[in-house]
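What follows is a short report on a single structure.
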Amino acid sequence: MMKMRLRLRKNIAAFLVCVFLLSLTGCGSGNAKAPGISMKEGSTQFATSDPTQQASTEKPTEEEPEYEYAEGENEEFQKFLKEYRDDVVTQDSTNFNSMIYDEEKFGLEKPEATLGDADYSEAGIEKAKKELEENTNKLLKFENEPLNEDERFTYRCLKDEFERDKIFIDNIYLYDPFSPGGGNQEALPSALIDYRFDNKEDIDDYIELMRQTRKYFNDLISFEKTKSEKGFFMSDSNADRVIEQCDTFMKDKDDHFVLESFDLKIDEVDFLTDDEVAEYKKLNKEVFLDSVIGAYQDLKDAFTELKGTGKNDKGICYFEGGKEYYEKYIFPTRSGSDKTVEEEALALETRMDDIMMEIASLYYSYGEDYNEFEEKRTEKTLFSVYEGMSAEDILDMLQKDYSDDYPVGNESIPFKVDYMGEKRGKISETTAAYYNLCPIDNPEYNHICVNSTNNDNDEMILTLSHEGFPGHMLQTTYFRKSNPNPARSVAFNLGYIEGWAVYASYDTLDKVDFMGKEENAALYAKGSRLYTEYVYLIEGRMDIGVNYEGWSKEDVNKYMEEKGLVPNEDTDPIGVYASDPGVLLSYSAGYLEMLEQRQKAEAELGDKFDAKEFNKAVLDVGPCQYKFLSEKIDEYIEENK
């Protein structure tokens, strides 16, 4: 599997067109309702906005198990944690290249060049099940062993993760390796472009990885054919999207952006002669055209043949076992939440209702000034003061001027920014930017890639606060520097990770210089935050609607109308959510879970609440499921009462 990157999706959803406007005609006297938004009375099939039908979203308090923590480390458990980490970072070469900066100092031998195991045959699946069972049994041996507090926390996190991994493998035919929303065909270009060349061996490995691409894709294509035979192949509309992605990637193949990236990188190294550089460029192009372009052609041909065999053009819940899979694997894995799906849907709806009331309050409080805010927001000129600033300058500014609420020292986090060229930018049009996780052994190496070809200037500050500071870059470097145990150093809980980045990026709005004006800064900050949050929450709710509740296109359009949004008729709303079920929950439900932790701390601590200390408590824990983070925040609250 290609390594995961943290990325901010463009424009929230490509098919949403917002008519989220405030007008006097929408705000009559009497019960306040969000102007321009249809707030129908009572509940509908989509929401339970009627207070009489709302159940508490809080789970009954469960007795936290009492553990007797050992004072020292458990040597055998630490050995297990190291083996687990090493397995994760050596599963493929792109993973290793991104996660380990100096293998000699780190004490880990670089694996032979490999894209990883793509064997999803029956034998391959059984092998994966056996390996997971073996790892689970190794872990469970420590259930009653003496462990210190950090080890016990890690044990519980891993046990929870292994249990979800079993659900994944048991439902493997619901997995889509070529999802048009984020499959291997989309991940491969970034994996190649971001591959570091620290020495000649890295370049040789890179060439070898390209040689393996065709076989790697064909192994996955065999799996897609098996899925087709079993009735699990994707819809025609999503197959068309994959075919289109292949065509786009193969366009201008002799002058490809992946070739251009290789040439630029190899020109910068200082360990090759001019003759070696020329020879590598020639070899790279030959292998790329044969193996990589060949792989995409094979994929296009296979999907052209398989198109029409899909039996489901709606959400994943229409596949056999799909609803249970969404409930037990996709939802908790993507969101990080331990709520039920129904509870999360209600929590999202409740928060959206609260936002509507807050927006109405802003309108009544600011009057004409609010109308000006709406005008500037619609024109996308709210952040015009930052127009023309480079990503580097914005990131420097964020670290200098926005750090008061975060546990940072006097030195800024070093970083480098790359920009997608026009060709790559168009292929990655749904990605505004992404942050490559810094290596485990080098928190000073931070890389952010920005899609400048299709990125509104007025959104750049939010994009970079999400990917950079105080979002992913701060979160990752801080935790790396805390010297977590081996297994926690490779923790990748998307709900926590994206939830933090969304939460932190919203906090930057309180200090944004809106159009260079100080007056009404609070209105502009809060209004921008509420609008952005509202659309994110709608996305998460519609993901649940399509993939768990089985909404049709008509259901989605009706829901959007009720929320003040209209669909882009050129885009299939079902395909957007069904192509990668749950992907949007990391941003919406993950953020809402993080917000709930903040609200809990503020309510319990009152005047004693300190934003910097709360943020430190969250960052100290690091990526995990929210039920574990909640326990740690409860401890933080008790210690600060």
Side-chain angles (χ1 to χ4, degrees), residues 3 64-92 95-112 116-117 127-166 169 437-444 475-493 496-497 616-625 627-632 634-636 639:
K3 65 178 178 178
E64 181 182 346
E66 293 187 6
Y67 300 105
E68 291 187 11
Y69 298 120
E71 293 189 9
E73 291 184 343
N74 184 310
E75 184 176 341
E76 287 300 310
F77 189 64
Q78 288 294 324
K79 180 181 178 182
F80 170 81
L81 298 183
K82 182 178 181 301
E83 290 174 352
Y84 171 80
R85 178 204 63 195
D86 293 351
D87 285 344
V88 170
V89 300
T90 58
Q91 64 182 335
D92 67 71
N95 237 14
F96 190 88
N97 184 265
S98 66
M99 299 184 77
I100 305 299
Y101 193 81
D102 188 332
E103 64 266 21
E104 291 186 8
K105 289 184 179 179
F106 191 74
L108 188 60
E109 185 176 348
K110 180 191 292 188
E112 291 186 9
D117 187 0
K127 177 184 174 185
K129 287 182 178 180
K130 183 177 180 181
E131 289 176 351
L132 176 60
E133 183 179 1
E134 289 174 351
N135 277 332
T136 301
N137 289 336
K138 287 179 183 178
L139 176 69
L140 293 177
K141 288 180 180 179
F142 298 99
E143 174 76 37
N144 299 312
E145 291 292 309
L147 302 174
N148 63 32
E149 185 173 358
D150 176 69
E151 290 172 336
R152 181 58 64 184
F153 184 81
T154 302
Y155 172 87
R156 295 172 65 209
C157 289
L158 285 178
K159 182 180 178 182
D160 182 78
E161 182 176 331
F162 287 179
E163 288 171 351
R164 283 183 283 113
D165 286 345
K166 185 178 187 306
I169 295 177
L437 294 174
C438 60
I440 295 171
D441 57 334
N442 188 1
E444 305 297 306
Q475 168 202 79
T476 309
T477 56
Y478 182 91
F479 192 57
R480 293 275 194 259
K481 289 180 178 180
S482 71
N483 193 32
N485 69 51
R488 296 301 317 289
S489 70
V490 292
F492 197 87
N493 299 77
Y496 171 103
I497 290 171
K616 181 179 185 302
V618 172
L619 292 171
D620 282 342
V621 177
C624 62
Q625 295 295 97
K627 61 184 177 183
F628 300 124
L629 176 64
S630 183
E631 292 175 4
K632 294 296 185 181
D634 288 344
E635 292 175 7
Y636 148 78
E639 291 171 359

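In what follows, residues are counted from 1 in the order of the sequence shown.
- Shown here is Glu163, whose CD atom has more than 12 heavy atoms of other residues, nucleotides or ligands within 6.0 Å.
- Every residue two or more places apart in sequence or in another chain was checked for a side chain to side chain donor-acceptor pair (under 3.5 Å) with Asn74, and none qualifies.
- Not counting sequence neighbours, Lys141 has no partner by the side chain to side chain donor-acceptor pair (under 3.5 Å) test.
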- Check against side-chain contact (heavy atoms from CB on, under 4.5 Å), Phe492 and Val88: CA-CA 11 Å; Phe492 197 87; Val88 170; over 6 Å; no

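- Interatomic distance, Glu103 CD to Phe106 CZ, rounded to the nearest 0.5 Å: 10.5 Å.
- Inter-residue side-chain proximity for Glu104 and Glu109 is flagged as unmet; no heavy-atom pair is nearer than 4.5 Å.
- Judged as a salt bridge (Lys or Arg N to Asp or Glu O under 4.0 Å), and not counting sequence neighbours, the contacts of Glu149 are Lys632.
- Taking the side chain as every heavy atom from C-beta outward, Pro443 and Tyr478 never approach each other to under 4.5 Å.
- Every salt bridge (Lys or Arg N to Asp or Glu O under 4.0 Å) that Lys166 has, sequence neighbours left out, goes to Asp170.
- Residue pairs meeting the salt bridge (charged side-chain N to carboxylate O under 4.0 Å, His left out) criterion with at least one partner in residues 68-77, sequence neighbours excluded, are absent.
- The line from CD of Glu145 to CG of Leu140 is 12.0 Å long, rounded to the nearest 0.5 Å.
- The OG1 atom of Thr136 lies 7.5 Å from the CD atom of Glu133; values are rounded to the nearest 0.5 Å.
- The CG atom of Leu629 lies 9.5 Å from the CG atom of Asp634; values are rounded to the nearest 0.5 Å.
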Show which side-chain atoms of residues 78-86 pair as donor or acceptor with protein atoms under 3.5 Å away, not counting sequence neighbours.
unit_1, atom_1, unit_2, atom_2, d
Gln78, NE2, Glu151, OE2, 2.9
Lys82, NZ, Asp86, OD2, 3.0
Tyr84, OH, Glu161, OE2, 3.0

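- Considering only heavy atoms from C-beta on, Val89 stays 4.5 Å or farther from Asn95 through its side chain.
- Of all heavy-atom pairs between Cys438 and Thr476, the closest is SG-CG2, 3.6 Å.
- Side-chain contact between Asp87 and Gln91 is absent, with no heavy atoms from C-beta onward closer than 4.5 Å.
- By the 4.5 Å heavy-atom criterion applied to side chains, Ile100 and Asp441 are counted as neighbours.
- With sequence neighbours excluded, the residues that form a ring pair (Phe, Tyr, Trp, His ring centres under 6.0 Å) with Phe77 are Phe142.
- Rounding to the nearest 0.5 Å gives a distance of 12.5 Å between CZ of Arg156 and CG of Leu139.
- Looking only at side-chain heavy atoms (C-beta outward), Gln625 and Tyr496 stay at 4.5 Å or farther from each other.
- Applying the side chain to side chain donor-acceptor pair (under 3.5 Å) rule to Tyr155 yields the partners Glu143; only residues at least two apart in sequence or on another chain are considered.
- Annotation: the span from Met99 atom CE to Thr90 atom OG1 amounts to 10.5 Å, rounded to 0.5 Å.
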Show me the side-chain donor-acceptor pairs of residues 483-490 shorter than 3.5 Å, one per line, residues at least two apart or across chains.
unit_1, atom_1, unit_2, atom_2, d
Asn485, OD1, Ala487, N, 3.1
Asn485, OD1, Arg488, N, 3.0
Asn485, ND2, Asp150, OD2, 2.8
Asn485, ND2, Thr154, OG1, 2.7
Arg488, NH1, Val621, O, 3.2
Arg488, NH2, Val621, O, 3.1
Arg488, NH2, Pro623, O, 2.6
Ser489, OG, Pro486, O, 2.6

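- Contacts of Lys127 classified as salt bridge (Lys or Arg N to Asp or Glu O under 4.0 Å), with partners at least two apart in sequence or in another chain: none.
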- With salt bridge (Lys or Arg N to Asp or Glu O under 4.0 Å) as the test, would you mind laying out the steps for Asp160 and Arg164 before giving the verdict? CA-CA 7 Å; Asp160 182 78; Arg164 283 183 283 113; 3.1 Å; yes

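- Tyr636 pairs by the side chain to side chain donor-acceptor pair (under 3.5 Å) definition with nothing, not counting sequence neighbours.
- Residues passing the salt bridge (Lys or Arg N to Asp or Glu O under 4.0 Å) test with Lys481, sequence neighbours excluded: Glu444.
- Although no hydrogens or angles enter the test, the distance criterion places a donor-acceptor pair under 3.5 Å between the side chain of Ser482 and the main chain of Phe479.
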